[in-house]
Amino acid sequence: MRAANGTFSALGTTIFTVMSALATEHGAINLGQGFPDDEGPDDVRAAAAKAILDGPNQYPPMMGLPALRQAVAAANKRFYGLDVDWQKEVMVTSGATEALADCLIALLNPGDEAIIFEPAYDSYRPVIEAAGAKAIPVPLSPPDWSLPFEKIEAAFTERTKLVLLNSPMNPVGKVFSRAELTRLAELIVAHDAYAVCDEVYEHLVFSGHEHVPLMTLPGMRERTLRIGSAGKTFSLTGWKIGYVTGPAHLMEVVGKTHQFVTFTTPPALQSAVAFGLSKGDDYFAGLASSLEAKRDLLSAGLAEAGFGVLPADGTYFVSADFRALGFNGTDDEFCREITVKAKVAAIPLSAFYSTPGAPRHLIRFCFCKQDAILKEASARLKAYAKGGAA
Ligand code: PMP
Ligand code: GLN
């Protein structure tokens with residue numbers, strides 16, 4: 001038989017699925033895969049239930065329900081001062097994962113290069129490669145994960161089509177500063193490249209930090225595709241509602257990839273998300289401050305157990321250095337060890353790197369869980385650490 005697609009046949013199961021399965025097998029608290037353990041806002045779910053009963057439930061417009069596209073355009077104005085034409089510059093997708101694929105396939109030709117920053121979310125590279133392009137990874141380093149401009153400049157070539165930026169950044173909770181982003185924008189403009197911005201955690205940013213969409217910086221409005229996710233903004237990760245904002249000339253092509261990837265997205269969920277995006281500032285501020293308190297709770301627990309806890313300024317995630325616990329092994333081995341022995345699951349950070357020299361001493365914990373769960377996980381890790389590493 002002839003070989004199937006090389007990129008996808010070479011891939012394993014995602015680390016999130018692997019660790020969730022291991023957590024279930026061992027009855028561990030799952031602080032691996034990033035999903036909240038509450039059900040999301042009642043009013044948003046009630047709006048979805050009503051929309052399903054009231055209908056229509058047939059194919060909605062290909063680019064998304066007008067109500068949601070209008071709400072996304074309004075949110076761009078409200079949060080970032082961006083003027084967006086909802087008819088030509090917004091598209092709804094089945095999750096940010098689809099949005100990423102649509103944008104990358106729409107922009108890349110075989111032979112193009114796409115700069116990504118590692119640790120990188122796992123869907124980026126396979127989609128870039130499936131489009132026939134090459135992912136050019138630029139590794140970031142702990143503890144501050146700042147943009148390494150020398151390496152970035154060296155990564156640009158005349159084949160660089162785009163830069164894929166994730167801020168706030170999974171898995172390390174980095175929120176890139178305005179100064180860093182301004183310098184990155186200058187490089188992108190100078191090389192006449194595009195930016196694909198994965199901003200799914202845009203509303204999960206903690207005190208003292210500001211989310212600056214790259215799209216708002218000089219020269220970027222016409223060359224940026226900005227991606228959001230209702231899954232993160234409303235703690236409804238199973239809904240898979242994403243949205244892309246970009247200039248009309250790019251959105252026309254992105255619309256064409258979407259029409260052959262999913263074509264449309266469930267209308268009832270779209271109308272509920274439109275309602276959600278119109279919620280008051282208190283909702284958005286409350287979401288960030290509740291997660292910030294959870295970050296603090298878990299970070300304190302991890303520190304007490306003996307981990308070196310890194311800063312996390314946004315997202316659902318905090319990373320921690322386990323070397324002080326005396327474990328002699330890699331991050332993969334340590335995640336397996338604590339899942340089995342401490343009954344707490346986490347994700348090894350090296351899973352987000354393809355470059356040599358990935359850190360092997362850091363793991364990612366997800367803190368969007370009930371406080372009692374975070375306390376119990378901390379207590380289990382503390383007990384494990386006291387018992388000594390096997
Ligand atoms: N990008 C990043 C960085 C993520 O963490 C996630 C969440 N899994 C996604 C994209 C995908 O979002 P969605 O669930 O809306 O497809
Ligand atoms: N984004 C989620 C995480 O980083 C996982 C999503 C998935 O399982 N594909 O944990």
Side-chain angles (χ1 to χ4, degrees), residues 11-24 30-37 40 64 68 72 91-104 116-128 140 145 164-176 196-205 211 213-214 225-245 258 261-262 265-266 269-270 272-273 276-277 291 312-319 335 345-353 362-369:
L11 285 175
T13 308
T14 83
I15 187 69
F16 311 116
T17 304
V18 169
M19 290 312 302
S20 286
L22 195 69
T24 306
N30 188 358
L31 302 188
Q33 192 176 30
F35 59 90
D37 63 355
L68 180 51
V72 170
M91 186 180 86
V92 178
T93 59
S94 294
T97 309
E98 189 217 321
L100 280 157
D102 292 348
C103 292
L104 293 169
I116 61 173
F117 298 105
E118 291 190 340
Y121 188 59
D122 64 346
S123 81
Y124 301 164
R125 174 183 283 273
V127 178
I128 291 168
L140 308 187
W145 311 105
L164 203 178
L165 180 77
N166 175 213
S167 186
M169 188 184 192
N170 180 5
V172 297
K174 167 81 177 178
V175 179
F176 293 98
V196 174
C197 293
D198 178 347
E199 300 182 6
V200 299
Y201 298 103
E202 62 188 318
H203 293 296
L204 312 185
V205 174
H211 173 59
L214 199 60
L225 293 168
R226 190 178 100 72
I227 296 169
S229 169
K232 316 295 176 189
T233 298
F234 300 103
S235 311
L236 294 161
T237 59
W239 278 23
K240 302 298 287 188
I241 303 287
Y243 17 88
V244 186
T245 303
H258 169 67
V261 174
T262 56
T265 294
L269 301 183
Q270 291 193 52
V273 171
L277 283 174
L291 281 164
D313 303 324
T315 75
Y316 287 153
F317 309 113
V318 61
S319 37
C335 283
I347 302 283
L349 227 68
S350 61
F352 298 81
Y353 283 84
L362 296 174
I363 60 176
R364 185 194 85 172
F365 288 97
C366 171
F367 53 73
C368 54
K369 306 291 176 189

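Both ligands and their constituent atoms are indexed starting at 1 by order of listing. Residue indices begin at 1 and follow the sequence shown. Keep in mind that this is a model prediction, so the values were computed, not measured.
Using a 4.0 Å cut-off between a side-chain N of Lys or Arg and a carboxylate O of Asp or Glu, E202 and K232 do not qualify as a salt bridge.
For P348 against I363, the heavy-atom pair with the smallest separation is CA-CG2, 4.2 Å. Closest of all the heavy-atom pairs between F117 and L164 is CD1-O, 3.7 Å. Here the shortest heavy-atom pairing between P266 and I241 reads O-CD1, 4.4 Å.
K174 is linked by a salt bridge (charged side-chain N to carboxylate O under 4.0 Å, His left out) to E180, counting only residues two or more places apart in sequence or in another chain.
Note on ligand 2: N170 sits in its first shell, one or more heavy atoms being nearer than 4.0 Å.
Judged purely by distance below 3.5 Å, without hydrogens or angles, the side chains of T17 and S20 never pair a donor atom with an acceptor atom. Side-chain contact, S123 with T97: no donor N or O sits under 3.5 Å from an acceptor N or O.
Taking the six-membered ring for Trp and the full ring otherwise, the centers of F317 and F367 sit at least 6.0 Å from each other.
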Take Q270 and T265, measure what side chain to side chain donor-acceptor pair (under 3.5 Å) needs, and give me the verdict at the end.
CA-CA 7 Å; Q270 291 193 52; T265 294; 4.8 Å; no
Decide side chain to side chain donor-acceptor pair (under 3.5 Å) for D198 and Y124; before the verdict, give the C-alpha distance in whole Å, the side-chain angles of both, and the deciding distance to 0.1 Å.
CA-CA 10 Å; D198 178 347; Y124 301 164; 2.7 Å; yes
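Annotation: atom 6 (C) of ligand 2 to nearest protein heavy atom, Y121 OH, 3.4 Å. Counting protein heavy atoms only, atom 8 (O) of ligand 2 is closest to Q33 NE2, 2.7 Å.
For F35, no heavy-atom contact with ligand 2 is shorter than 4.0 Å. With a 4.0 Å cut-off on non-hydrogen atoms, M19 does not touch ligand 2 at all. By the criterion of a heavy-atom distance under 4.0 Å, neither the backbone nor the side chain of T237 is placed next to ligand 2.
Considering backbone and side-chain N/O atoms, G32 never comes within less than 3.5 Å of an N/O atom of ligand 2.
Numbered from 1 in the order shown, with element, the atoms of ligand 2 that lie under 4.0 Å from a heavy atom of F317 read 3 (C), 4 (O), 10 (O).
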Please tabulate, one line per pair, the protein N or O atoms found under 3.5 Å from any N or O atom of ligand 1, giving the distance to one decimal.
unit_1	atom_1	unit_2	atom_2	d
ligand 1	1 (N)	D198	OD1	3.4
ligand 1	1 (N)	D198	OD2	2.5
ligand 1	5 (O)	N170	ND2	2.9
ligand 1	5 (O)	Y201	OH	2.6
ligand 1	8 (N)	Y121	OH	2.8
ligand 1	8 (N)	K232	NZ	3.2
ligand 1	14 (O)	K240	NZ	3.1
ligand 1	15 (O)	A96	N	2.8
ligand 1	15 (O)	S229	OG	2.8
ligand 1	16 (O)	A96	N	3.1
ligand 1	16 (O)	T97	N	2.9
ligand 1	16 (O)	T97	OG1	2.6
ligand 1	16 (O)	K240	NZ	2.7

